[in-house]
Amino acid sequence: MSTIILAVAEQIDGVFRKVAYESLSLGRQIADEVGGSLSALVLGSEIDAIAGKLKAYGADKIIIADDPSLENYLTDVYTNVVADVVESEQPSVLVIGASTRGRDLAARLSARLNAPVAMDALQIRFDGDQLIATRPVYGGRILADVLLDGSPRIVAIRPNAVSISGSEGIGAVEMFTVNPGKTALKFVKKTLDTGKIELTEADVIVSGGRGLGGADFSALEALADLLGGTVGASRSAVDEGWRPHSDQVGQTGKTVSPALYIACGLSGAIQHLAGMSTSKIIVAINKDPEAQIFSKADYGIVGDLFEIVPLITREVIRIKG
Ligand code: FAD
């Protein structure tokens, strides 16, 4: 029997999240490495129409768990169903995107299945048949290699950490009989920010801190729009009520890994760095040359953000023609 790699493809309201494709790409990479096959698991309600897409991302088998009980994410219902799929498929590795939802699910599954989990993994490698995941610890100050010993080995991959590779799988579709099991939770309501790029999936983030001095983030928004990105914030900016909590980057906010992170008027406290230090390129703009953020920055600009950000914006417009 071939080794099975199972990747959970996260979708919201019938749309796959970017991290779903990243999870599948990593799953495909592992399957190829071990000479196994990749199964994709999609959970939701009335989602059979979108599931076929996953064939183009390397899925040999697409398992659809379609049930009204899965319309909205409830930790215990999703845990029950994924645990049932794991029992039936017996995968050796389970890949989940470390989104807000995925982190919750991966932790629950680890406890339920008594399985090892590498939370927020950045990459994986094999040493013989041992799976080793690299993940940040101590607020991102250290990258630790962790060996996953047990079954299934759960890898919760940080969004934007692996690139999406399109490779055609067999794509055989299978419906899974859902038993939602017992739940102590009740879905109450969901509020969605529409029209805004989700922070964890953005390639470019322009973040602002207390240095903004107020709720007017328009200079940051203009630059972010121009670069096809979105705006983030430090906790101070959120605590001041200048930005919603959904914009917060850091230990008690979101963990992001964009291609470009522009930090404006934020000092670079360890709790903030914990959420963004794995960004590919970090640009810091701060009027204090001693600011901690410069120690993490690839490019640092000492100056007043209200002068520098519009200058960069104008330059980008000029370059774009
Ligand atoms: P400050 O530290 O006040 O920095 C403002 C910076 O702006 C200064 O460096 C200043 O030089 C600069 N500045 C001012 N005016 C200008 C200007 N005109 N142009 C350029 N630069 C200017 N923080 C987070 O961000 N995310 C978290 O998730 C988070 N979680 C936390 C969890 C715990 C348990 C704790 C204790 C703290 C947490 N914090 C978090 C808070 C964190 O410790 C810092 O207090 C916070 O990040 C500081 O925000 P800031 O950099 O915007 O503000």
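In listed order, ligands and their atoms are each counted from 1.
Residues Asn160 and Lys280 have side chains that never bring a donor and an acceptor to within less than 3.5 angstrom of each other. For the residue pair Thr100 / Lys254, no side-chain donor-acceptor distance below 3.5 Å is found, with atom types taken as modelled. Between the side chains of Thr255 and Arg103, at least one donor-acceptor pair of N or O atoms lies under 3.5 Å. Side-chain N/O atoms of Tyr57 and Ser167 include no donor and acceptor closer than 3.5 Å. For Thr278 and Arg158, the side-chain atoms include at least one donor-acceptor pair closer than 3.5 Å.
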Sequence neighbours left out, cut at 3.5 Å: what donor-acceptor pairs do the side chains of residues 105-117 make with other protein atoms?
residue	atom	partner	partner atom	Å
Ser110	OG	Ala115	O	2.6
Arg112	NH1	Asn80	OD1	3.0
Arg112	NH2	Asn80	OD1	3.0

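Near ligand 1, heavy-atom contacts under 4.0 Å come from Gly209, Arg210, Gly211, Ser234, Arg235, Ser236, Gln248, Val249, Gly250, Gln251, Thr252, Gly253, Gly265, Leu266, Ser267, Ala269, Gln271, His272, Asn286, Lys287, Asp288, Gly303, Asp304, Leu305, Phe306.
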